[in-house]
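Not measured: the values here are computed from a predicted model. Every chain is numbered from 1, with letters handed out A, B, ... down the list of sequences.
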Amino acid sequence: ANEVFNKMIETGLRPNVVIYTTLISGHCREGNTDYAFKLLDEMVKTGIVLDVFTYDCLIHGLCKVGKIQEANIMFKEMLDKHLAPSVFTYSAFLHGYCKLGEMNEAGKIFKEMLARGLMPNDVIYTTLIDGHCKQGNLELAFAMFNDMVQKGVKPSVHTYTVYMHHLCKAGKMQEAHHLLQEIHDKGLVPDIITYGSLIDGYCKKGNMDDAFQLHHHILRKGIQPNIAIYNSLINGLCKLGDVQGADRIFKEMLERGLVPN
RNA sequence: UAAAGACGUCC
């Protein structure tokens with residue numbers, strides 16, 4: 001991307017705010033905020049002003065690497081310029097605070113967002129649900145889930161998967177499996193990670209029957225199991241002392257062209 | 001032009 005950008009300049013073309021923001025976004029996503037700010041500096045020097053997208057990208061990048069204070073400075077700058085923060089701006093802060101486990105701060109951000117009249121979307125809720133779960137507060141996560149449904153925001157497969165993942169980690173397999181049914185009932189399609197979370201949960205409990213039932217289910221659906229799923233199965237079988245079974249599954253994995261890690 | 005999720009070993 002940098003090369004194309006440089007070629008563009010060599011050709012004599014002038015990058016606009018969209019081009020700059022796209023490249024800034026890429027570097028932010030890689031966690032390279034220093035480079036992103038270097039580009040920003042260049043952009044400003046050529047007389048281009050930041051728009052809401054530029055701010056959102058930078059705030060996201062800073063929050064991602066835990067530099068929330070610096071993100072707050074950008075946020076204030078944004079407000080000073082009378083640029084309205086979006087759901088994406090708040091999403092970045094929520095992600096940052098949730099990653100740090102600072103759920104009180106995350107709650108404040110959520111309230112501030114509502115006070116601004118912004119409607120939280122499924123990603124906002126999923127981020128909060130994941131944050132509460134990571135702090136071991138499955139009850140609060142479930143309350144957010146209900147709040148979401150009550151407000152008419154439809155949980156996505158990600159929302160379900162995040163919550164199910166933590167239920168599985170907590171060994172609450174019945175609840176987790178019940179949600180798989182709910183995904184189907186709502187016409188949503190579980191993905192490989194949804195299945196992987198359940199399979200790992202069953203394996204950790206030594207319930208290989210249910211683990212393999214799901215494994216066969218995804219094979220029948222034509223979904224290619226990934227290395228994580230095979231690792232879960234092999235680990236589960238080995239922990240039960242079924243080395244032969246583990247060997248069989250290992251061979252199945254190789255036959256499917258997967259490389260052991 | 002921007003945002004969120006799963007796996008092994010030891011413990």
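- Among the nucleotides B:U1, B:C7, B:G5, the one closest to any side-chain atom of A:Thr22 is B:U1.
- A:Asp191 contributes no side-chain N or O that forms a donor-acceptor pair with the base of B:A6 under 3.5 Å.
- Looking only at distances, a side-chain donor or acceptor of A:Lys64 sits under 3.5 Å from a matching main-chain atom of A:Arg29.
- Using a 4.0 Å heavy-atom cutoff across all strands shown, A:Asp56 reaches at least one base atom of the nucleic acid.
- Backbone-only engagement by A:Ser232 is indicated by non-hydrogen atom pairs under 4.0 Å involving sugar-phosphate atoms exclusively.
- The NZ atom of A:Lys64 sits 6 Å away from the P atom of B:A4 (whole-angstrom rounding).
- Using a cut-off of 4.0 Å between Lys/Arg side-chain N and Asp/Glu carboxylate O, A:Asp34 and A:Lys38 are scored as not salt-bridged.
- We find that A:Lys7 and A:Glu10 are not joined by a salt bridge, their nearest charged nitrogen and carboxylate oxygen being 4.0 Å or further apart.
- As judged by a 4.0 angstrom heavy-atom cut-off over every strand, A:Ser156 is placed among the base-contacting residues.
- The CE-C1' distance, from A:Met173 to B:A6, rounds to 12 Å in whole Å.
- In terms of polar N and O atoms assigned as donor or acceptor, the side chain of A:Asn121 comes within less than 3.5 Å of the base of B:A3 in a complementary pairing.
- One atom, CZ of A:Phe110, and another, P of B:A3, lie 21 Å apart when rounded to the nearest Å.
- Donor-acceptor pairing under 3.5 Å, judged by distance alone, is present between the side chain of A:Ser91 and the base of B:A3.
- One N or O on the side chain of A:Ser232 and one on the backbone of A:Ala228 form a donor-acceptor pair closer than 3.5 Å.
- The side chain of A:Asp51 lies closest to B:U1, out of B:G5, B:G8, B:U1.
- Candidate nucleotides B:A6, B:A2, B:G5 were compared by shortest atom distance to the side chain of A:Lys169, and B:A6 ranks first.
- A:Arg29 has a side-chain polar atom (N or O) that falls below the 4.0 Å cut-off from OP1 or OP2 of B:A3.
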Inset, instruction - Walk me through it: do A:Lys45 and A:Glu42 pass the test salt bridge (Lys or Arg N to Asp or Glu O under 4.0 Å)? - result: CA-CA 5 Å; A:Lys45 274 185 185 144; A:Glu42 262 179 45; over 6 Å; no
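- Residue A:Thr89 is out of contact with every strand shown, counting any heavy-atom pair closer than 4.0 Å.
- We find that CG of A:Leu50 is positioned 18 Å from P of B:U1, with the value rounded to whole Å.
- Residue A:His165 is in sugar-phosphate contact alone, with no base atom involved, counting any heavy-atom pair closer than 4.0 Å across all strands shown.
- When each of B:A2, B:G5, B:A6 is scored by its nearest atom to the side-chain atoms of A:Asp130, the top-ranked nucleotide is B:G5.
- A:Asn226 places a side-chain N or O within 3.5 Å of a backbone atom of A:Ile229 that can act as its donor or acceptor partner.
- One interatomic measurement links the two molecules: CG of A:Asn226 to P of B:C7, which rounds to 11 Å at whole-angstrom precision.
- As judged by a 4.0 angstrom heavy-atom cut-off over every strand, A:Val162 is placed among residues touching the sugar-phosphate backbone only.
- Each of B:U1, B:C7, B:A3 was ranked by its minimum atom distance to the side chain of A:Asn261; first place goes to B:C7.
- Proximity note for A:Cys57 (side chain, C-beta onward) versus B:G5, B:A2, B:A4: the nearest is B:A2.
- Of the candidates B:A2, B:C7, B:A3, the closest approach to any side-chain atom of A:Ser25 belongs to B:A2.
- Phosphate proximity of B:G8 to A:Lys204: present, with a side-chain N or O under 4.0 Å from OP1 or OP2.
- Atom CD1 in A:Ile24 sits roughly 10 Å away from atom C1' in B:U1 (whole-Å rounding).
- Rounded to a whole Å, the NE2 atom of A:His95 is 17 Å from the P atom of B:A2.
- Rounded to whole Å, atom C1' of B:A3 lies 17 Å from atom CE of A:Met74.
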